[in-house]
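Right, one structure below, let's go through it.
Excluded from the calculations below are hydrogen atoms, water molecules and symmetry mates; all remaining heavy atoms, backbone and side chain alike, are included. This is a predicted model, so every value here is computed, not measured.
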Amino acid sequence: MATEGPATRRVRVAEHPRLMKLKEMFNSKFGSIPKFYVRAPGRVNIIGEHIDYCGYSVLPMAVEQDMLIAVEPVETQTLQLANTNPLYPDFSINANNIQIDKTKPLWHNYFLCGFKGIQEHFGLSNLTGMNCLVDGNIPPSSGLSSSSALVCCAGLVTVTVLGMNLSKVELAEICAKSERYIGTEGGGMDQSISFLAEEGTAKLIEFSPLRATDVKLPSGAVFVIANSCVEMNKAATSHFNIRVMECRLAAKLLAKYKGLQWDKILRLEEVQAKLGVSLEEMLGIVEDALHPEPYSPEEVCRCLGISLQELRTQVLSPNTQDVLIFKLYQRAKHVYSEAARVLQFKKICEEAPDNTVQLLGDLMNQSHVSCRDMYECSCPELDQLVDICRKFGAQGSRLTGAGWGGCTVSIVPADKLSSFLANVHEAYYQRSDRNLTFEKQSLFATKPGGGALVFLEA
């Protein structure tokens, strides 16, 4: 249950090759053995892109790929972090003086986000140090949430070392907030599913208050993830935070248009809630209130009756203050239509008509078109990959995660799976010079996995 903390399992490490290898590497690195291990999974968002930070429900599932950390508390105040991947250098810092540099999304900063989030939640100042060895098998910058999985894993590591108890929901909320230390103004989907996931079911994740409902996916279909091999790091680029800000501005202009107290409103969902209308009605209001031509900062100021200085200091985030155009109509249209598609997707899964797979596929296809044309978060490689997936038997295919690179998710009838995998592999991966370091992880069928766990050696 969400009110409980993550489960703790006793395992025979020798029976788990990955844990065994991690234990051996830990021993050669630190000269001791780990006291415990923590895992937190990545996720694939099936539908509901870029709407969690607007207040709307999303529909992800955890994948089996995860972050795994071996941990040993130490007597000193030094936090020593190492990674099994030689691309990620060792790092150490005083546990009571955590500084996170927003200008550089280095791997260890994501660990520090989770650590600092727990530290600040409990108001602790005299923390003991620890040795940690991190092993991740989620492809980085692929839209499968490797960074949030590391934040969640670090949060759970810290709580476990402290001997504190937090529910899965509390952990998810703390980790979602703490990831902003690195400058990403995300919603809370990634952290929520990492903690609240359960094997065998996708989840409808709703916010304010945070809750998760099981969504049973159709048995006759498989969800397949395909990596475009174009990397996109949310914390290193401004696209993501600009979209968050465009949605905030759209919410304020819509609120002003409808005579609401716009200065208190931050999210598009709040406008709908205050007006008490349907998502379809909100789409009509967008048509009336906003124009498709981009808005300049000056026009936004005229609409809201504020100065440029007030816009920059009171509304925009520090990293979006120099943006010259805002596409408010397009972003609002995407969010309200995508929020409706999520609810339709859940309803179809529940009612399970004969043509369920086709109906769900149609919604996923509509989602991709909206992400590509209205939210402009696709890229040529993702569009090409989506077309290839549909050509070879996917009923629906769309980008997943923030976009601008990363992965697609496709719904494929189970009886077409093997030919689908072979054909997509040949058409996208073999006919190009793509970076196939993650060959096995570039294209794979996935099923809903479980959430974050603590392992103790039996």
(request) Dump the intermediate steps for side chain to side chain contact (heavy atoms under 4.5 Å, CB included) on Val409 and Met364, then the final yes or no. (result) CA-CA 9 Å; Val409 60; Met364 290 170 72; 4.0 Å; yes

(request) State the CZ-CE distance between Phe326 and Met245, to the nearest 0.5 angstrom. (result) 8.5 Å

(request) Just jot down the side chain to side chain donor-acceptor pair (under 3.5 Å) partners of Glu206, sequence neighbours excluded, or say none. (result) Arg211

(message) For Gly188, is there any backbone N or O sitting under 3.5 Å from a side-chain donor or acceptor partner on Asp52?
(response) yes

(message) I'd like to check the salt bridge (charged side-chain N to carboxylate O under 4.0 Å, His left out) partners of Lys252; sequence neighbours left out, ordered by chain and number.
(response) none

(request) Heavy atoms only: give me the nearest Gly183-Asn241 pair and the separation to one decimal. (result) O-ND2, 2.8 Å

(request) Decide if the gap between the ring center of Phe240 and the ring center of Tyr53 is smaller than 6.0 angstrom. (result) yes

(message) Strictly distance-based, threshold 3.5 Å: is any side-chain N or O of Tyr429 a donor or acceptor partner for the main-chain N or O of Ser442?
(response) yes

(message) Pairing donors with acceptors under 3.5 angstrom, does anything connect the side chains of Ser148 and Glu179?
(response) yes

(message) Check whether His50 reaches the backbone of Val335 with its side chain - one donor and one acceptor, N or O, closer than 3.5 Å.
(response) no

(message) Working note: Phe444 + Gln65, criterion side chain to side chain contact (heavy atoms under 4.5 Å, CB included); need CA distance, chi angles, decisive distance, verdict.
(response) CA-CA 11 Å; Phe444 57 94; Gln65 287 85 348; 3.4 Å; yes

(message) With a sphere of 6.0 Å drawn around CD of Glu64, does it hold more than 12 non-hydrogen atoms of other residues, nucleotides or ligands?
(response) no

(message) Parallel, tilted or perpendicular: which one describes the rings of Phe223 and Phe345, with boundaries at 30° and 60°?
(response) tilted

(message) Looking only at side-chain N and O atoms, does Gln330 offer a donor or acceptor that is under 3.5 Å from a partner on Asp373?
(response) no

(request) Verify the distance criterion only: is there a donor paired with an acceptor across the side chains of Glu287 and Tyr329 at less than 3.5 Å? (result) yes

(message) Looking at every heavy atom in both Tyr428 and Asn227, which two are closest together, and how far apart are they?
(response) CE2-O, 4.0 Å

(request) Ignoring hydrogens and angles, tell me if any N or O in the side chain of Ser337 forms a donor-acceptor pair with the backbone of Lys333 under 3.5 Å. (result) yes

(request) Please examine the side chains of Phe122 and Met164, heavy atoms only from C-beta on, and report whether any two atoms are closer than 4.5 Å. (result) yes

(request) Any chance you could lay out the side chain to side chain contact (heavy atoms under 4.5 Å, CB included) test for Tyr110 and Ile182, step after step, and finish with the verdict? (result) CA-CA 7 Å; Tyr110 292 99; Ile182 211 155; 3.7 Å; yes

(message) Just so I know, are the side chains of Val244 and Ser317 near enough to count as touching, which here means a heavy-atom distance under 4.5 Å?
(response) no

(request) Please check if the side chain of Glu270 supplies one atom and the backbone of Ile265 the other of a donor-acceptor pair under 3.5 Å. (result) no

(message) Let me confirm one number: the CG-CH2 distance from Leu249 to Trp262, rounded to the nearest 0.5 Å.
(response) 10.0 Å

(request) Indicate yes or no: at least one non-hydrogen side-chain atom of Phe91 is less than 4.5 angstrom from one of Asn109. (result) no

(message) Can you tell me how far apart CG (Asn45) and CG (Leu59) are? Round to the nearest 0.5 Å.
(response) 7.5 Å

(message) Using 0.5 Å steps for rounding, measure from the CG atom of Leu399 to the CG atom of Leu382.
(response) 5.5 Å

(request) Report yes if the side chains of Tyr336 and Val271 come closer than 4.5 Å at any heavy-atom pair, otherwise no. (result) yes

(request) Please name the residue in the list Ile174, Val454, Leu166 that meets the side chain to side chain contact (heavy atoms under 4.5 Å, CB included) test with Val159. (result) Leu166

(message) Using 30° and 60° as the class boundaries, would you call the ring planes of Trp404 and His239 parallel, tilted or perpendicular?
(response) parallel

(message) Do the side chains of Glu173 and Lys177 get close enough for a salt bridge, i.e. N-O under 4.0 angstrom?
(response) no

(request) Indicate yes or no for a side-chain donor-acceptor contact from Ser194 to the backbone of Gln191 under 3.5 Å, with no hydrogens or angles considered. (result) no

(request) Would you check if Cys371 and His334 make a side-chain contact, meaning some heavy-atom pair closer than 4.5 Å? (result) yes

(request) Taking all heavy atoms of Cys349 and all of Leu360, pick out the closest pair and write down the distance. (result) SG-CD1, 3.9 Å

(message) Distance check, rounded to the nearest 0.5 Å: Lys258 atom NZ versus Met282 atom CE?
(response) 8.0 Å

(request) Measure from the side-chain N and O atoms of Asn137 to the backbone N and O of Asp66, and report whether any donor-acceptor pair falls under 3.5 Å. (result) yes

(request) Mark yes or no for whether Asp214, through its side chain, and Thr201, through its backbone, hold a donor-acceptor pair below 3.5 Å. (result) no

(message) I want to check something: taking the side chain as every heavy atom from C-beta on, are Leu217 and Met61 in contact at a cut-off of under 4.5 Å?
(response) yes

(request) Enter the distance from Glu231:CD to Ser141:OG here, rounded to the nearest 0.5 Å. (result) 4.5 Å

(message) Looking at Arg180, I'd like to know if its CZ atom is crowded, meaning that more than 12 non-hydrogen atoms belonging to other residues, nucleotides or ligands lie closer than 6.0 Å.
(response) yes

(message) Heavy-atom count check: over 12 atoms from other residues, nucleotides or ligands less than 6.0 Å from Asn165 CG?
(response) no

(message) Please enumerate all residues that pass salt bridge (charged side-chain N to carboxylate O under 4.0 Å, His left out) together with Glu338, with sequence neighbours excluded.
(response) Arg341, Arg398

(message) Can you confirm whether Glu198 sits close enough to Lys203 that some side-chain heavy atom of one is under 4.5 Å from a side-chain heavy atom of the other?
(response) yes

(request) Taking the side chain as every heavy atom from C-beta outward, state whether Val369 and Arg372 have any atom pair closer than 4.5 Å. (result) yes

(message) On a heavy-atom basis, which atom in Phe115 and which in Ala95 lie closest, and how many Å separate them?
(response) CE2-O, 3.4 Å

(request) Pick out which of Ser142, Pro140, Ser146 makes a side chain to side chain contact (heavy atoms under 4.5 Å, CB included) with Leu144. (result) Ser142

(message) Main chain of Cys303, side chain of Lys256: is a donor-acceptor contact present, judged purely on distance under 3.5 Å?
(response) yes

(message) Is it the case that atom CD in Glu310 sees more than 12 heavy atoms from other parts of the structure closer than 6.0 Å?
(response) yes

(request) Identify whether the distance between the nearest side-chain nitrogen and carboxylate oxygen of Arg331 and Glu376 falls below 4.0 Å. (result) yes

(message) What I want to check is whether the side chains of Asn97 and Gln99 have a donor and an acceptor closer together than 3.5 Å.
(response) yes

(request) I would like to know whether Ile285 and Leu275 meet side chain to side chain contact (heavy atoms under 4.5 Å, CB included); could you show each step before the answer? (result) CA-CA 11 Å; Ile285 293 169; Leu275 294 175; 3.9 Å; yes

(message) Taking the basic N atoms (NZ, or NE/NH1/NH2) and the acidic carboxylate oxygens, is any pair closer than 4.0 Å for Lys347 and Glu351?
(response) yes

(request) Measure across Ala176 and Gly187 and return the closest heavy-atom pair with its distance rounded to 0.1 Å. (result) CB-O, 4.0 Å

(message) Quick one about Glu299 and Ser296 (side-chain donor to acceptor, distance below 3.5 Å, no hydrogens or angles considered), yes or no?
(response) no

(request) Measure across Ser397 and Thr408 and return the closest heavy-atom pair with its distance rounded to 0.1 Å. (result) OG-CB, 4.2 Å

(message) Ignoring hydrogens and geometry beyond distance, is a side-chain donor-acceptor pair present between His368 and Asp383 at under 3.5 Å?
(response) yes

